[in-house]
Each structure stands twice: as C-alpha cells, then as structure tokens.
Amino acid sequence: MPGTRSKTNAKVIASKLEDATIESIAKYIQQNKVKNIVVMTGAGISTAAGIPDFRSKNTGLYDNLQKFDLPYAEAIFDIDYFQERPEPFYALAKELYPGKYLPTKTHYFIRLLHDKNMLLRNFTQNIDTLERICGLDEDRIVEAHGSFASASCIQCDEKADMEEIRSQILLSKIPRCLACKSLIKPDITFFGESLPKRFFKRLVDFDEADLLIVIGTSLQVQPFAALIDNVPEHTPRLLINKDLAGVHHSPHHGFDFKWKYGKKRDSVYLGDCDEGIEKLAELLGWKNELDRLYEKETKKLKERWATEKVLEQEQEELEKLELTEEKPDKEIDQLAEELEKRLKVPSDKE
Ligand code: CNA
C-alpha cells in the first residue's frame with residue numbers, strides 16, 4: 001500500500017520529452033523515478049460506464065435536457081433554480097445514482113498507479129464516485145465538485161443519512177431535512193456554490209507533481225481547468241481526450257502541444273480514453289496487470305451488486321406498502337423515464 005512520500009524530483013529531472021506523444025511519456029515514466037503523479041479527470045472517463053458527459057454533441061446531457069423544460073441547460077445544477085424546482089435535479093439524480101455503473105479501464109489504471117505507489121492525487125470533477133468504487137483510497141481522491149457520497153440540508157447544513165437519501169431518490173421522492181424540513185441535496189457543488197474545502201487544501205499537491213495526466217475533460221470549468229498550470233514548469237503533462245482541451249496559446253497558460261514556447265513537456269493522445277490508457281499500460285509493460293485488475297474487480301462488483309439488488313427490491317416493496325400515503329413524485333418519475341429513453345443509459349449493467 002502507498003506509504004509516506006518524499007518531495008518530488010521534478011525540478012531535478014527537468015525533463016525534456018523526445019516528442020509530444022504518449023510514447024514519450026511512457027519513456028519518461030520508465031527512465032525517471034516518477035512517484036508523484038497527479039491525475040486530473042472529467043466526465044469523459046465515465047462515458048464508457050454509461051454515464052453521459054455534459055458537452056459531447058448529441059450524447060451529452062446538455063443536448064438531452066429538453067424534457068425538463070429548463071430556462072437554460074445549466075439550470076439543472078443551479079442552486080437558485082433547485083430551490084424553486086428541485087424535480088429535474090432529482091430525476092437526473094435517480095438516473096445517475098451510483099450503484100449501477102461500473103468503473104472503466106481508465107479508473108482502474110488510476111487505481112494501478114495508486115497500488116504502485118505512484119499516485120499523489122486524483123483530482124476529479126466527477127460526481128459519480130467511480131473512483132471510490134474502483135478501490136482508490138479516499139485519501140488519494142479530491143472530488144473537486146463534490147459527489148453523491150454524502151448529502152446535507154441546504155438550509156441548516158445538517159448531514160443526512162445516506163441510506164435514507166438513496167432510497168428516497170430511487171423511489172422518486174424529494175428528500176427533506178428531519179430537523180427543518182428544507183430540501184436535502186447530495187453534496188455536489190452546484191453553480192453558485194463554493195468548492196469543497198478539501199479542494200483548496202490539496203492544491204499544494206500540484207507543487208509536488210512529477211507528472212500530470214489529464215483525462216476526459218473539456219477543461220472548461222474554472223477554477224479546476226486552470227490547475228494544469230500549477231505544476232512545476234518542467235513537469236511533463238499528458239492530455240488523453242477525444243478533443244484538444246486546455247490549449248491557450250501563451251507561454252504560461254495552457255498546454256503547448258506544438259512546443260512553441262520551448263518547454264518541450266506537453267504531450268497528447270487524441271482519442272478514446274480507455275484506448276489511450278491501454279496503450280500507455282502496454283508501453284509500460286502493465287497491460288496484463290491492468291486487464292487482470294479490471295476483470296477481477298468488475299466480477300466482484302457485479303456479484304456484490306446482484307446480491308444487494310435482491311435485498312433492496314424486497315426492502316423497496318416493504319417500503320411501498322408502508323408508505324402508501326407518501327406517494328412518489330410523479331413528475332420525477334416521468335422526467336427520469338424520459339431521460340433514460342433519450343440517453344439510453346442502461347438501467348442495469350449485465
Ligand atoms: P465535459 O465538459 O462534458 O467534457 C467531457 C470531455 O470528455 C469532452 O472533451 C469529451 O470530448 C471528452 N470525452 C467524452 N467521452 C470520452 C471518451 N470516451 N474518451 C475520451 N474523451 C471523452 O465534462 P467535464 O468533466 O470537462 O466538465 C466538468 C463538469 C462535468 C463537472 O462539473 C462534473 O460534475 C460534470 N459531469 C460529471 C459527470 C460524472 O460524474 N460522470 C457526468 C456529467 C457531467
């Protein structure tokens with residue numbers, strides 16, 4: 001298991017890559033004692049699990065929210081809008097609730113870095129908790145935009161019982177605070193809310209990074225996006241994404257994949273992130289290890305969830321009988337059904 005870490009050797013390495021490719025990054029990892037890798041991730045690493053991202057054309061959430069009759073797409077994550085009309089968010093929460101989506105190869109690659117004591121931190125924008133589910137220690141993760149792992153009252157901040165919240169969301173009910181009756185919201189950072197304290201506390205990690213890997217993000221959300229510039233100026237940076245992201249054309253801001261500014265440290269793999277990760281694993285000689293980890297953990301999760309599902313169905317039936325007066329919110333049910341059809345999100349993973 002990962003132990004205590006010493007200071008990065010990034011400044012000492014002052015590495016220049018051979019070229020701006022993933023092969024170059026693999027060589028850099030092999031030839032240097034890389035041990036403080038910071039990985040920044042976004043919604044693109046979870047699309048293969050069946051969870052839509054925000055901005056991909058046609059398949060992204062923002063192109064599929066018409067049924068919610070929102071004033072603008074982002075309203076579904078706007079705290080003021082949520083207070084007036086929480087139903088759309090809860091319909092989405094019901095669809096995306098953790099427990100049926102399995103971590104991807106990319107998640108397990110990050111886990112492998114962790115197991116090899118090379119991962120300093122995974123800063124994720126994702127709220128789906130797949131990092132936790134794939135077995136990363138909580139301590140290695142910074143959920144920059146919060147997650148479904150906890151929930152609290154939007155008025156009095158009282159922490160909610162997660163089992164209770166989960167079952168209410170899955171039964172299409174709007175959870176309310178036991179203390180003050182206000183709305184309960186999963187601790188996901190909405191537009192208009194500040195980021196979790198842990199995000200700011202762990203910014204120091206970037207100073208220690210001897211490699212930055214950025215995967216599956218359009219790098220359009222601040223302050224997260226700007227963090228790519230927080231690593232030491234010679235620390236190599238790799239982007240793995242379907243499209244270019246974070247290129248700002250100035251010496252001190254953004255990626256410089258054309259090496260215009262002489263630092264020779266940025267590289268890019270354009271394409272599917274699981275494919276990019278498999279390629280990197282292969283170059284590092286870790287491919288079999290990654291495949292084995294992925295298969296073993298996926299099998300374990302499927303078995304565990306199948307058992308839990310049977311127990312939950314029994315519990316839900318009981319609750320439905322007991323709570324005949326407290327009916328599910330019809331609007332949430334209808335919206336969730338519509339969304340599921342549009343996104344073709346699997347209702348259960350085989
Ligand atoms: P985004 O803006 O939707 O960008 C996603 C990026 O990933 C785009 O550049 C895509 O081209 C790329 N992409 C999509 N699929 C793949 C793939 N298979 N391989 C490689 N690249 C791919 O999402 P960001 O994460 O950049 O934006 C930050 C938002 C998204 C955060 O506030 C999140 O909370 C929010 N979000 C999270 C989830 C989740 O938790 N899974 C889902 C949807 C949105």
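Every number for a ligand or one of its atoms is a count from 1 in the order of the listing.
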Give a yes or no on whether the ring-centroid distance for Phe190 and Phe89 is below 6.0 angstrom.
yes
Is it the case that the side chain of Thr235 and the backbone of Val231 share a donor-acceptor pair, with hydrogens and angles ignored and the cut-off at 3.5 Å?
no
Taking the six-membered ring where the residue is Trp, are the ring centres of Phe206 and Phe123 under 6.0 Å apart?
yes
For Asn288, give me all partners under side chain to side chain contact (heavy atoms under 4.5 Å, CB included), at least two apart in sequence or on another chain.
Arg292
I need the contact residues for ligand 1: any residue with a non-hydrogen atom closer than 4.0 Å to the ligand, ordered by chain then number.
Gly42, Ala43, Gly44, Ser46, Thr47, Ile51, Pro52, Asp53, Phe54, Arg55, Ser56, Gln125, Asn126, Ile127, Asp128, His145, Gly216, Thr217, Ser218, Leu219, Val221, Asn241, Lys242, Asp243, Gly271, Asp272, Cys273
Kindly state each residue pair satisfying ring-ring contact (aromatic ring centres under 6.0 Å, His included) with at least one member in residues 128-174, sequence neighbours excluded.
Tyr97-Phe148
Test ring pair (Phe, Tyr, Trp, His ring centres under 6.0 Å) applied to Tyr62 - qualifying residues, sequence neighbours left out
Phe54
